[in-house]
**Student:** 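This structure is in structure tokens; I'll ask about it shortly.
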Amino acid sequence: NQPERALQHLQQVSHKNSLSYWVQWADINLALGDSPAVIQQLTPLINNAPQQDDALLLRLVIAEKNLLQDSPIHEQLA
């Protein structure tokens with residue numbers, strides 16, 4: 001499992017507007033622990049899409065959950 005290498009490869013892809021690209025991009029960034037980047041990129045994509053895609057919504061929820069788990073409030077509630 002080499003997410004850094006996968007991200008480098010994905011950056012060379014010319015068709016960055018496809019659903020497949022964004023799902024793979026989100027998976028890689030989640031594996032790298034970069035939930036803020038996932039939220040920043042996927043939120044406008046989802047909000048501006050004529051139809052919201054379940055795969056992107058799932059990754060957005062995972063990123064939000066990861067951020068919540070890393071927050072001091074979550075630790076106080078645990």
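Just so it is clear, the structure is predicted and the values come from calculations on it, not from any experiment.
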**Student:** Same cluster for Leu56 and Val61 if Ile/Leu/Val/Met/Phe/Trp/Tyr side chains link at under 4.5 Å?
**Tutor:**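 Shared cluster, no.
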**Student:** Which value, rounded to the nearest 0.5 Å, describes the distance between Leu30 atom CG and Asn66 atom CG?
**Tutor:**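 Here the rounded value is 6.0 Å.
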**Student:** Hey, what do you get for CH2 (Trp25) to CD (Gln11), rounding to the nearest 0.5 Å?
**Tutor:**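 Rounded to the nearest 0.5 Å, the CH2-CD separation comes to 10.0 Å.
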**Student:** What is the minimum heavy-atom distance between Val38 and Arg59, and which atoms define it?
**Tutor:**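 In this case the closest contact between Val38 and Arg59 is CG1-O, 4.0 Å.
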**Student:** Is it the case that atom CG in Asn47 sees more than 12 heavy atoms from other parts of the structure closer than 6.0 Å?
**Tutor:**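 More than 12 within 6.0 Å, yes.
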**Student:** So how far is it from Leu45 CG to Trp22 CH2, rounded to the nearest 0.5 Å?
**Tutor:**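 Those atoms lie 5.5 Å apart.
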**Student:** What heavy-atom pair brings Ser35 and Ala63 nearest, and what distance separates the two atoms?
**Tutor:**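 Minimum heavy-atom contact is CB-O, 3.5 Å.
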**Student:** Could you grab the distance from atom CG of Leu60 to atom CG of Leu42, nearest 0.5 Å is fine?
**Tutor:**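 Interatomic distance, Leu60 CG to Leu42 CG, rounded to 0.5 Å: 6.0 Å.
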**Student:** The test is side chain to side chain contact (heavy atoms under 4.5 Å, CB included); show your working for Leu68 and Glu64 and say whether it passes.
**Tutor:** CA-CA 6 Å; Leu68 178 63; Glu64 290 175 345; over 6 Å; no
**Student:** Nearest 0.5 Å please: distance from the CD1 atom of Ile39 over to the CG atom of Leu67.
**Tutor:**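 So the CD1 of Ile39 and the CG of Leu67 are separated by 4.0 Å.
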